[in-house]
Participant: 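Before I ask anything, let me first share the structure, which is written out below as structure tokens.
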4 protein chains.
Amino acid sequence: MITIETTGFIPIYEQIKNGIKGKISLGVLKANDPLPSIRDLASELVVNPNTVARAYRELESEGFITTRKGKASFVTDNSSSLIKQERQRFIDEVFERAISEARKFGLEEEEIRTIVESRLKARQKPGRGEGR
Amino acid sequence: MITIETTGFIPIYEQIKNGIKGKISLGVLKANDPLPSIRDLASELVVNPNTVARAYRELESEGFITTRKGKASFVTDNSSSLIKQERQRFIDEVFERAISEARKFGLEEEEIRTIVESRLKARQKPGRGEGR
Amino acid sequence: MITIETTGFIPIYEQIKNGIKGKISLGVLKANDPLPSIRDLASELVVNPNTVARAYRELESEGFITTRKGKASFVTDNSSSLIKQERQRFIDEVFERAISEARKFGLEEEEIRTIVESRLKARQKPGRGEGR
Amino acid sequence: MITIETTGFIPIYEQIKNGIKGKISLGVLKANDPLPSIRDLASELVVNPNTVARAYRELESEGFITTRKGKASFVTDNSSSLIKQERQRFIDEVFERAISEARKFGLEEEEIRTIVESRLKARQKPGRGEGR
DNA sequence: GTGGTCTAGACCACA
DNA sequence: GTGGTCTAGACCACA
């Protein structure tokens with residue numbers, strides 16, 4: 001469901017948060033849908049339940065999900081409108097950062113376009129897929 | 001010379017390392033050029049000298065610079081060939097990550113291209129310069 | 001577990017590294033064995049945790065151990081083959097240095113052999129054990 | 001005259017001190033012989049004059065040499081008796097340390113003897129010589 | 001002045 | 001509890 005990278009510096013709870021926001025953005029998770037339980041998701045991702053709990057806690061405080069004690073967590077009604085606000089800003093930032101790194105190493109615009117194309121191509125190839 | 005973001009998750013020493021690798025890649029720092037002293041760079045970046053020292057130490061153990069005690073650190077002769085090896089891998093990884101995030105949020109290839117173009121445009125505008 | 005000399009010029013973090021490499025070489029630490037926690041080892045050796053952390057960090061970057069955040073550090077699977085490569089070189093260097101010092105003071109080969117024998121004897125004597 | 005290693009952790013001034021003590025021990029430098037001037041030795045060893053100055057200063061305070069202001073430094077009359085006292089202790093310590101390192105890595109006595117022999121052999125070979 | 005090591009101690013991510 | 005990063009600051013080797 002969600003992919004986690006343990007290399008790199010992005011905290012796991014952050015990757016989980018983004019994974020879930022992504023699902024909401026994609027419509028895979030819709031308003032009032034239940035999220036997997038903390039334990040289930042933790043064992044699926046092979047991470048500590050505390051880590052998932054932190055992701056859920058922050059998603060709740062940002063308004064994307066609500067947690068009913070003793071029950072489960074659910075996607076909030078207004079989640080998709082919240083996502084819309086955040087999505088553009090988030091994606092822009094991600095690419096801004098990537099391009100900024102590329103420029104630090106002296107890549108020209110045209111080279112950046114070439115890299116992006118080659119990365120997009122790499123993802124099309126069946127068998128390679130979305131994985132990583 | 002180098003920009004540091006204290007938001008975000010990338011450690012400062014890592015940003016310094018990448019900043020310097022970038023300078024070498026750009027040719028701003030050439031073989032045998034001296035690096036700024038640890039103390040100077042630390043005060044310029046407003047970070048602790050130990051943090052710069054760690055960046056330099058790791059750059060040395062990776063072969064990019066050599067340090068002469070009591071003198072300074074210098075770019076190694078083979079630094080640019082080392083950089084060439086690392087540059088492509090690093091940039092690929094950065095864009096792979098960005099595109100991966102975008103796909104999580106359901107962006108199509110064409111939308112990704114549009115974002116990249118708009119980010120590239122934003123950087124061209126003089127005076128605006130997108131910060132950093 | 002590991003002995004540290006604060007006299008002499010070898011940095012503490014280096015002595016810790018060598019101590020652990022020695023344990024791996026001896027088979028006292030085997031693949032996948034956990035290392036003592038940074039804090040525990042630091043308090044045992046009466047050094048600052050940062051110093052142990054540096055030793056562990058360098059051992060990790062040299063491939064001898066891996067660290068799982070929040071958990072512990074573990075001996076890597078290939079550690080013993082790495083050690084084998086390094087052991088001979090390290091020991092050779094150590095004796096090369098010792099003999100080189102002896103020659104500076106004019107010791108003949110036969111005298112060097114005698115010294116080595118006497119040092120080996122000194123270590124056999126139970127109860128005396130040559131300190132350290 | 002004296003060999004310096006800039007790799008390794010032993011300070012240069014210490015290596016210079018030992019080099020000179022060695023010369024005295026060997027009889028190459030005899031009582032009342034003049035030492036090379038600080039500047040000369042520094043340029044010969046390609047080190048900073050301050051470093052040589054420190055070595056001389058410590059040799060003086062240990063009684064091996066005397067420095068006459070404006071003139072040069074000379075080997076003291078009692079230098080060789082001082083050396084005799086120190087030589088055995090120093091050499092013992094050097095081998096004790098080497099053997100101790102070897103034992104940390106699990107070498108048996110017989111293996112240590114073999115290493116010592118092979119190192120002694122390596123030094124006999126003409127063309128390789130004392131250098132390093 | 002320049003780099004290297006070390007300590008003390010804080011704060012954070014993760015288990 | 002365990003590792004990771006960072007700061008502040010001391011002290012040393014060397015130029």
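Chain naming here is simple, since letters A, B, ... match the order of the sequence lines and numbering starts at 1 in each. On a predicted model such as this, the values are computed, not experimentally measured, just so you know.
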Participant: For a 4.5 angstrom cut-off between non-hydrogen side-chain atoms, does A:Y56 reach A:E60?
Facilitator: no
Participant: Nearest whole Å is fine: how far is F:dG9 P from B:I38 CD1?
Facilitator: 18 Å
Participant: For A:I16 and E:dA13, give me the distance from atom CD1 to atom P, rounded to whole Å.
Facilitator: 14 Å
Participant: With respect to the side chain of D:P11, which nucleotide from F:dC14, F:dC6, F:dA15 is positioned closest?
Facilitator: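 Side chain of D:P11 sits closest to F:dC14.
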Participant: Round to the nearest Å and state the distance from A:I10 atom CD1 to F:dG4 atom P.
Facilitator: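 To the nearest whole Å, that distance equals 17 Å.
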Participant: Return the value, rounded to whole Å, for the distance between atom CD of B:E5 and atom C1' of F:dT5.
Facilitator: 17 Å
Participant: Hey, does the side-chain of C:N50 have a donor or acceptor N/O within less than 3.5 Å of a partner on the base of E:dG9?
Facilitator: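 For C:N50, whose side chain was compared with the base of E:dG9, there is a donor-acceptor pair (under 3.5 Å).
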Participant: Between C:V75 and C:L35, which heavy-atom pair has the shortest distance, and what is it?
Facilitator: CG2-CD2, 4.4 Å
Participant: By the 4.0 Å heavy-atom rule, please label C:R39 as base, sugar-phosphate, or nothing.
Facilitator: base
Participant: Grab the CZ-P distance between C:R57 and E:dT5 for me, whole Å please.
Facilitator: 11 Å
Participant: For the side chain of B:T51, starting at C-beta, report the closest nucleotide among F:dT7, F:dT5, E:dT7.
Facilitator: F:dT7
Participant: Between E:dT2, E:dA15, E:dT7, which nucleotide gets closest to the side-chain atoms of C:I12?
Facilitator: E:dT7
Participant: More 5' along DNA chain F: C:R68 or B:K69, using each one's nearest nucleotide?
Facilitator: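 First, find each residue's nearest nucleotide; the 5'-ward one identifies C:R68.
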Participant: Nearest-Å distance, CD1 (C:I4) to P (E:dC6)?
Facilitator: 9 Å
Participant: Which listed nucleotide (F:dG3, E:dC6, F:dT5) is nearest to the side chain of B:Y13?
Facilitator: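 Closest nucleotide among those given: F:dT5.
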Participant: Nearest-nucleotide wise, let me know which of B:G70 and C:P49 is further upstream toward the 5' end of DNA chain E.
Facilitator: B:G70
Participant: From the list F:dA15, F:dT2, E:dA15, which nucleotide is the closest neighbour of the side chain of D:V47?
Facilitator: F:dA15
Participant: Is any side-chain heavy atom of C:E58 less than 4.5 Å from a side-chain heavy atom of B:R57?
Facilitator: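 Yes. Closest side-chain heavy atoms under 4.5 Å.
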Participant: How close or far is atom C1' of E:dT5 from atom CG of C:L45, stated in whole angstroms?
Facilitator: 16 Å
Participant: Parallel under 30°, tilted from 30 to 60°, perpendicular over 60°: which one fits the rings of D:F105 and C:F90?
Facilitator: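 The rings of D:F105 and C:F90 sit tilted, inter-plane angle from 30° to 60°.
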Participant: How do B:Y56 and C:N48 order along DNA chain E: which one's closest nucleotide is nearer the 5' end?
Facilitator: B:Y56
Participant: Here's a test of your reading of the structure: between C:F9 and B:R54, which maps to the more 5' nucleotide of DNA chain F?
Facilitator: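 Final value for this comparison: B:R54.
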Participant: Rounded to whole angstrom units, what separation is found between the CD atom of C:E60 and the P atom of F:dT5?
Facilitator: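 After rounding, the gap between these two atoms is 10 Å.
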Participant: According to the Watson-Crick and G-U wobble definitions, with both distances under 3.5 Å, which nucleotide is paired to F:dC12?
Facilitator: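 Here F:dC12 is engaged in a pair, and the nucleotide opposite it is E:dG3.
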Participant: Less than 4.0 angstrom from a charged side-chain N to a carboxylate O is my criterion; do D:E101 and D:K104 meet it?
Facilitator: yes
